[in-house]
Number of protein chains: 2
Amino acid sequence: MPAKAAYPDDILRMAATLYYVDGLGQTEVAKLVRVSQTKISRLLAAALERGIVRINVEEYHARHDKLEHQLCSRFGLRSAAVIKTARNAGAEAARQTVGHFGAPFVASVFPKSGVVAVGGGRSVAEVVQRFRRGESRRLTVVQAMGSIDSNLSHVDALELGRAMVKLWGGEFLTLSTPAFVSDKKTRDFFLASQQIKFVWQRLRQADAAIVGVGPLDLSVYLERGVLGAADVAHLRGCGAVGEICGRFFDAKGRECASRWRDRVISIELELLKKIPQVIGVAAGPERAPALAGALRGGLLKSLLIDEALAQALLA
Amino acid sequence: MPAKAAYPDDILRMAATLYYVDGLGQTEVAKLVRVSQTKISRLLAAALERGIVRINVEEYHARHDKLEHQLCSRFGLRSAAVIKTARNAGAEAARQTVGHFGAPFVASVFPKSGVVAVGGGRSVAEVVQRFRRGESRRLTVVQAMGSIDSNLSHVDALELGRAMVKLWGGEFLTLSTPAFVSDKKTRDFFLASQQIKFVWQRLRQADAAIVGVGPLDLSVYLERGVLGAADVAHLRGCGAVGEICGRFFDAKGRECASRWRDRVISIELELLKKIPQVIGVAAGPERAPALAGALRGGLLKSLLIDEALAQALLA
DNA sequence: CGTTTATGCGGATAAATATTCTAGTGACAA
DNA sequence: TTGTCACTAGAATATTTATCCGCATAAACG
């Protein structure tokens, strides 16, 4: 099993003892072993690798079991992960924490083989970035929404899908389109294309999906300048409370009949609803109204959110 | 038991998990927990302290059991510690290693209460510096030789004795004299003083002693200019092979009748011989002749030496 | 209550550790 | 022999971590 015997265990034990047990610095250890500090650093790494040094950390329960159960029963979910976050955490920190501790949850919920649809968004990106190479999967990953604007961002579904197949293998079906086009005609033109039809066909067979759930205000679209203040006002007028894959919905989770509806290229909410496992990811209590709407509409089957948001949802 | 609840265990577990298990840097952890990196550093230290994080190192056997047994039976010793050292270790490194791993041995061999004589020397200093505060002892520490020259060095018996009582408590009897004086008359004058007589009385009651064993060449005395080349030649002429507490002895461990003998203020070898537990400390194979002489003369009851020296002794 | 004395925080910075880069060494083939 | 590859080591350097210090808030005291 040890590919290279490199250095005898005895030396590693000695160095590790001097360093970890007796608390000497690497430089001091180096003097005793008569090698460079550089080498001690490498020796210690090897000792950790070989198990001569083992570091045990009391298990940390990142998830809030009680809130998860309440959410599941209250909203009839298949599963939920509520991640504990620092009380005063900012939006970015919360997303990262949710991503970090949520990634294993999502990975466990995803099928080992089959079709998986991915949306974009910052929260989803934080999750996807942290997937670990596990037992190999045989997934067909499908991009569920176009790219938000022309400079490709690492939170676009295109990037996230690419990252997933790079890590887990499998094939990735891309939607080579923007998320928003100027009018219905253009949209219909795209949808009529052979490639897109093929992608949609696969979306209909999806076994699972992971999507971000955005609020109306503070949405990435507003931030990125895709949406203007006037647009937001219009959407609010249509009853919109939140967004999934660029599609806005009202408090009951019904897609709003806004003028944006005809300009978006992404999975329809009605189609999403039919996917047996849809994981909604979000962080921050200000997203509670959006989440509540999505849940009422049955758009999501599972949740990955932070504690504050969970509490807001249950209140 | 926890004097201060400071931070909830949960946070510590989270930080420790992120750092040790997930391999994030402290800066990254800090972002998620929303505190400064500084604090994470302290949190991690606290986690280690509280036992939330435990680091296990496979036990390292610093001592060479087989050589120890051979030495004990060959030379009729009460005990011996042979410390493994790096094959190419220099003299300094060997001494430090012997001191480091030998200190617990010496501490275990020392009585919990009683009178202990201490000699000077670099090897002894390395040992004494590394004693740990254990169960409290009730020792009377007695300086067994004067200071080598006027600028007090941290390897002088005076300093070593001081360090021992500082750590373990107890009283320290000092010999406020140099190790070497100009002639016999001066020496006798010192010895006749009340204070020194008192110290000698205690030395006669000593339950244990720790002394360095020096070679003839390369001795600290030569190095410090106390002895000149001519003196070394003279001593060699008298059959000297080594030195303990400034007293030179021949291959059979008998004190040499050199002109130095009358000028030294330190425990007589004959007196040393009567102490029930005398630990000789030395490092480096070039000291084998000195050690061999001391052992033949029955000057030592226990040994603390490095591997190379042990092998040289047995050869 | 106002004042003084602890305690805890994070920014700046010193110290320690990890990584990069280059040179040296030995194995092997030509 | 000589060149090349594969590898290891340590010096230089970048990065990360620990410590020092002043400030602010909280506790203790008059």
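Order of the sequence lines sets the chain letters (A, B, ...), proteins ahead of strands, with each chain counted from 1.
- Considering only residues two or more places apart in sequence or on other chains, B/N56 meets the side chain to side chain donor-acceptor pair (under 3.5 Å) condition with none of them.
- Considering only residues two or more places apart in sequence or on other chains, B/K84 meets the salt bridge (charged side-chain N to carboxylate O under 4.0 Å, His left out) condition with A/D10.
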With sugar-phosphate taken as primed atoms, P, OP1 and OP2 and all else as base, the protein-contact string of nucleotides 10-20 of chain D at under 4.0 Å (heavy atoms; B, S, -) is BBB----SBBB

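- Qualifying side chain to side chain donor-acceptor pair (under 3.5 Å) partners for B/E28, counting only residues two or more places apart in sequence or in other chains: none.
- Every side chain to side chain donor-acceptor pair (under 3.5 Å) that B/E58 has, sequence neighbours left out, goes to A/R13.
- By the side chain to side chain donor-acceptor pair (under 3.5 Å) test, A/R287 pairs with no residue at all, sequence neighbours left out.
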